[in-house]
Engineer: 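Input: one structure, supplied below.
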Amino acid sequence: MNDRDRRILRLAVPSILTALSTPLIGIADTAMIGHLPEVAFMGAVSTANLIFNAIFWCLAFLRMGTTALVAQYFGARDGRACAEILYRSLLLAVLMGLGIIATAPWIADAGFALAGGSAEVQYWGDRYFAIRVWEAPLALGVLTLNGFFLGTANALAPLWVTAVANLVNIGADYALIFGKWGAPELGVEGAAWASVLGNSAALVTGLLILLLRYRSYLLAWPRRIWDFRPMRRLLQTNAFLFGRTLCLQCAGFFMLGMVSRMGEAQLAANAVVLQVWGLASFGIDGFAHAAETLVGNSLGARLYAEARQLARRIIFWGLVVGSVFGLVYFIALEEIAALFTEHREVIAHVSALYWYIALIQPLNAVVFVFDGILIGANDMAYMFKAMAVSAFAVFAPAALVFVFWLDLGLPGAWLAYNGLMLGRFFTLWPRYRSDAWLRSITSAEDAEEQR
């Protein structure tokens, strides 16, 4: 193993562990709720979780944008600029979190109207949402802190933050859903409170790491936190990331809207598949995060050949891990589904999808690493355009054909989603093969200097 591989794995392995543990909050909720007597409970929590995922993924630019900009400044050895990005991103996180709380009733109404589902699913989903929304400022603050840590090539800090969040959430899930350890038996509402407690613990952990390890950064307070030029660059970066993620979430909600109208068993099966799909994608994201950091650091230091070599090697590692996930799902998807629920009808729907879930995993891995490379290069404008084409010119027509015209049901919906991933690959591959992403950071800085 050469030095380049060691650098990659030093960041990727902790990031993989962090990424794999990230969906555990949703997995724990789904698995424990799946052992309650009503199938509608699973659909309710799954639908509410998808709304929260849509919100937090759309606002994940707070993590990705912070990582991209901090990584570049860290590579250029500009500590004050790193601190200014952190403070401005945290301010945005708090304001946006409070905005989500203030508009929660409208968000819930719109989300459940789009998602559909039975009256019972919507009732319990709304109860879950009304409690869990209080975690919004906490979760966005954690995203921002983890973005800063990754930008400074510290992959262990996000691992600690996520581990604490998951330990608290899983323990609180068990106590509050089933009424264990002297806690009240709250069922679906207990799962929501457990998530709030998990994010509270994560934010406290992140702030402690910041205080203990980054004291010099904390002292570099921006002279003008709303200074227009750096704030403009931050907002522009985040706006393209927001648009990209919004396109992805539109596809996700379109998918949910189709599946929720197929029946409660199909909706519950889709919830399980989303967790399984998410587990693989978060695992590959460990290498994508390593790409963000290493590519950003290299470009910030003007080491363009090094950035290209690191990107090529990270793609190789991502492809290996994606192939492992694909093999596991091909062999054992039905057994994995049985861990989530005891309802045989739900398990049968999941196991029927093993071809669609397993075979696409290696290609998914390459797509996720492409994302990390272009984020590290701050090539956000192209990423937005590529996602828009994939969602609206590939996924949407495929869904209309497979689900509404050919009436293939749940397999048709997942065929269409595979089409989305193929669209992303064929739009990102030419960009990676060119040198445009290597020049994107230089172009952005030159444009800023000319204003």
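Bear in mind the structure is a predicted one, so any value in this text is a computation, not a measurement. Any value given below was found using the heavy atoms of this structure, including those in side chains, with hydrogens, waters and symmetry copies removed.
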Engineer: Mind checking what makes ring pair (Phe, Tyr, Trp, His ring centres under 6.0 Å) contact with F330, not counting sequence neighbours?
Structural biologist: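 Here the qualifying residues are Y354, W355.
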Engineer: Quick one: side chain to side chain contact (heavy atoms under 4.5 Å, CB included) partners of A71, sequence neighbours excluded?
Structural biologist: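 Here the qualifying residues are N297.
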Engineer: Is the closest side-chain heavy-atom distance between V369 and W317 below 4.5 Å?
Structural biologist: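 A side-chain contact under 4.5 Å is absent here.
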Engineer: Roughly how far, to the nearest 0.5 Å, is the CD1 atom of I100 from the CG atom of L95?
Structural biologist: 11.5 Å
Engineer: Closest heavy-atom contact between A183 and A175?
Structural biologist: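 For A183 versus A175, the nearest heavy atoms are CB-O, 3.5 Å.
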Engineer: Please enumerate all residues that pass ring pair (Phe, Tyr, Trp, His ring centres under 6.0 Å) together with F61, with sequence neighbours excluded.
Structural biologist: none
Engineer: Using distance only, find each side-chain donor-acceptor pair of residues 140-152 under 3.5 Å and give its atom names and separation, not counting sequence neighbours.
Structural biologist:
from, atom 1, to, atom 2, distance (Å)
T144, OG1, L140, O, 3.1
T152, OG1, F148, O, 3.4
T152, OG1, F149, O, 2.9
T152, OG1, Y214, OH, 3.0

Engineer: With distance as the sole test, does E345 use its side chain to make a donor-acceptor pair with the main-chain N or O of Q266 at under 3.5 Å?
Structural biologist: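 Pair absent, no side-chain N/O of E345 close to backbone of Q266.
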Engineer: Hey, what do you get for CG (L241) to CE (M64), rounding to the nearest 0.5 Å?
Structural biologist: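 Nearest 0.5 Å value for the CG-CE distance: 5.0 Å.
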Engineer: Ring-plane angle category for Y432 and W429, please: parallel below 30°, perpendicular beyond 60°, tilted otherwise.
Structural biologist: tilted
Engineer: Which heavy atom in S15 sits nearest to a heavy atom in H289, and how many Å separate them?
Structural biologist: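 The answer is OG-CB, 4.0 Å.
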Engineer: Before you tell me yes or no, could you show the steps for V350 and I357 under side chain to side chain contact (heavy atoms under 4.5 Å, CB included), namely the whole-Å CA-CA distance, both residues' side-chain angles and the distance that decides it to 0.1 Å?
Structural biologist: CA-CA 10 Å; V350 174; I357 305 306; over 6 Å; no
Engineer: Can you run down the side-chain hydrogen bond (donor to acceptor under 3.5 Å, both in side chains) pairs that involve residues 100-112, sequence neighbours left out, and say none if there aren't any?
Structural biologist: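 Of all non-adjacent pairs touching residues 100-112, none passes side-chain hydrogen bond (donor to acceptor under 3.5 Å, both in side chains).
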Engineer: Minimum heavy-atom separation for A311 to W437, with atom names?
Structural biologist: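 So the minimum-distance heavy-atom pair works out to CB-CH2, 4.1 Å.
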Engineer: Does any part of the side chain of I360, heavy atoms only, come nearer than 4.5 Å to the side chain of L363, both counted from C-beta?
Structural biologist: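 Yes; the side chains approach each other to less than 4.5 Å.
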Engineer: Determine yes or no for a side-chain-to-main-chain donor-acceptor pair under 3.5 angstrom, with Y382 supplying the side chain and A436 the backbone.
Structural biologist: no
Engineer: G278 and S281: which non-hydrogen atoms are nearest, and at how many Å?
Structural biologist: O-OG, 2.9 Å
Engineer: To the nearest 0.5 Å, what is the distance between OH on Y329 and CG on L333?
Structural biologist: 8.0 Å
Engineer: Over all heavy atoms of both residues, which pair between V188 and W124 is shortest? Give the atoms and the distance, please.
Structural biologist: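 What the structure gives for the nearest pair is CG1-O, 3.9 Å.
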Engineer: Please evaluate residues M262 and N270 with respect to the criterion side chain to side chain contact (heavy atoms under 4.5 Å, CB included), reporting the C-alpha separation (whole Å), side-chain torsions for both, the decisive distance (0.1 Å), and the verdict.
Structural biologist: CA-CA 11 Å; M262 297 176 186; N270 193 65; over 6 Å; no
Engineer: Please test C250 against F392 for side chain to side chain contact (heavy atoms under 4.5 Å, CB included), starting from the C-alpha separation and ending with a verdict.
Structural biologist: CA-CA 9 Å; C250 284; F392 299 114; 4.2 Å; yes
Engineer: Checking side chain to side chain contact (heavy atoms under 4.5 Å, CB included) for the pair Y304/D435: CA distance, chi angles, key distance, verdict?
Structural biologist: CA-CA 10 Å; Y304 301 112; D435 289 333; over 6 Å; no
Engineer: With distance as the sole test, does S298 use its side chain to make a donor-acceptor pair with the main-chain N or O of V295 at under 3.5 Å?
Structural biologist: no
Engineer: Are any of the side-chain heavy atoms of L319 and P362 separated by less than 4.5 Å?
Structural biologist: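 Yes. Closest side-chain heavy atoms under 4.5 Å.
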Engineer: Can you check whether R431's main-chain N or O pairs, donor with acceptor, with S434's side chain at less than 3.5 Å?
Structural biologist: yes
Engineer: Tell me if the aromatic rings of F368 and F287 count as close, with their centers under 6.0 Å from one another.
Structural biologist: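 No, too far apart.
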Engineer: So, Y128 versus N49: side-chain donor-acceptor pair below 3.5 Å or not?
Structural biologist: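 Present: a donor and an acceptor within the cut-off.
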Engineer: At their closest point, which heavy atom of A155 faces which heavy atom of P14, and how far apart are they?
Structural biologist: O-CB, 3.6 Å
Engineer: For E185, enumerate each residue passing the side chain to side chain contact (heavy atoms under 4.5 Å, CB included) test, keeping only those at least two apart in sequence or located in another chain.
Structural biologist: none
Engineer: As an exercise, state the distance from CG of L299 to CZ of R308, rounded to the nearest 0.5 Å.
Structural biologist: 10.5 Å
Engineer: Kindly state each residue pair satisfying side-chain hydrogen bond (donor to acceptor under 3.5 Å, both in side chains) with at least one member in residues 360-376, sequence neighbours excluded.
Structural biologist: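 For residues 360-376, and leaving out neighbouring residues, the side-chain hydrogen bond (donor to acceptor under 3.5 Å, both in side chains) pairs sorted by first residue read R244-D371, D371-R424.
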Engineer: Do M383 and F370 touch side chain to side chain, with heavy atoms closer than 4.5 Å?
Structural biologist: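 No; the side chains remain at least 4.5 Å from each other.
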Engineer: So, using ring pair (Phe, Tyr, Trp, His ring centres under 6.0 Å) as the criterion, who are the partners of F242 when residues are at least two apart?
Structural biologist: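 Scan of F242 (ring pair (Phe, Tyr, Trp, His ring centres under 6.0 Å), adjacent residues dropped) gives none.
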Engineer: Supply the atom-to-atom distance I16 CD1 to I284 CD1, rounded to the nearest 0.5 angstrom.
Structural biologist: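 Taking CD1 in I16 and CD1 in I284, the distance rounds to 7.0 Å.
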Engineer: For the side chain of T293 and the backbone of A290, is there at least one donor-acceptor N/O pair under 3.5 Å apart?
Structural biologist: no
Engineer: Check whether any side-chain heavy atom of L428 sits under 4.5 Å from a side-chain heavy atom of I373, and report yes or no.
Structural biologist: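 No - every pair of side-chain heavy atoms lies 4.5 Å or more apart.
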Engineer: With no hydrogens and no angle check, just 3.5 Å: does a side-chain donor-acceptor pair link R127 and Y123?
Structural biologist: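 Yes, because at least one side-chain N or O of R127 sits under 3.5 Å from a partner of the opposite role on Y123.
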Engineer: OG1 of T67 to CG of L62: how many Å apart, nearest 0.5 Å?
Structural biologist: 10.5 Å
Engineer: Just wondering, do S390 and F425 contact through their side chains at under 4.5 Å, heavy atoms?
Structural biologist: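 A side-chain contact under 4.5 Å is absent here.
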Engineer: Just jot down the salt bridge (Lys or Arg N to Asp or Glu O under 4.0 Å) partners of R4, sequence neighbours excluded, or say none.
Structural biologist: E306
Engineer: Would you mind writing out the side-chain donor-acceptor pairs for residues 416-423 within the sub-3.5 Å range, not counting sequence neighbours?
Structural biologist:
from, atom 1, to, atom 2, distance (Å)
N418, ND2, Y356, O, 3.0

Engineer: With sequence neighbours left out, write down each residue that passes side chain to side chain contact (heavy atoms under 4.5 Å, CB included) with E335, or none if nothing qualifies.
Structural biologist: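 Residues passing side chain to side chain contact (heavy atoms under 4.5 Å, CB included) with E335: A332.
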Engineer: With sequence neighbours excluded, tell me which residues meet side chain to side chain contact (heavy atoms under 4.5 Å, CB included) with W405.
Structural biologist: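 Only V401 meet the side chain to side chain contact (heavy atoms under 4.5 Å, CB included) criterion with W405.
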Engineer: For A165, is there any backbone N or O sitting under 3.5 Å from a side-chain donor or acceptor partner on N169?
Structural biologist: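 It does not hold such a pair.
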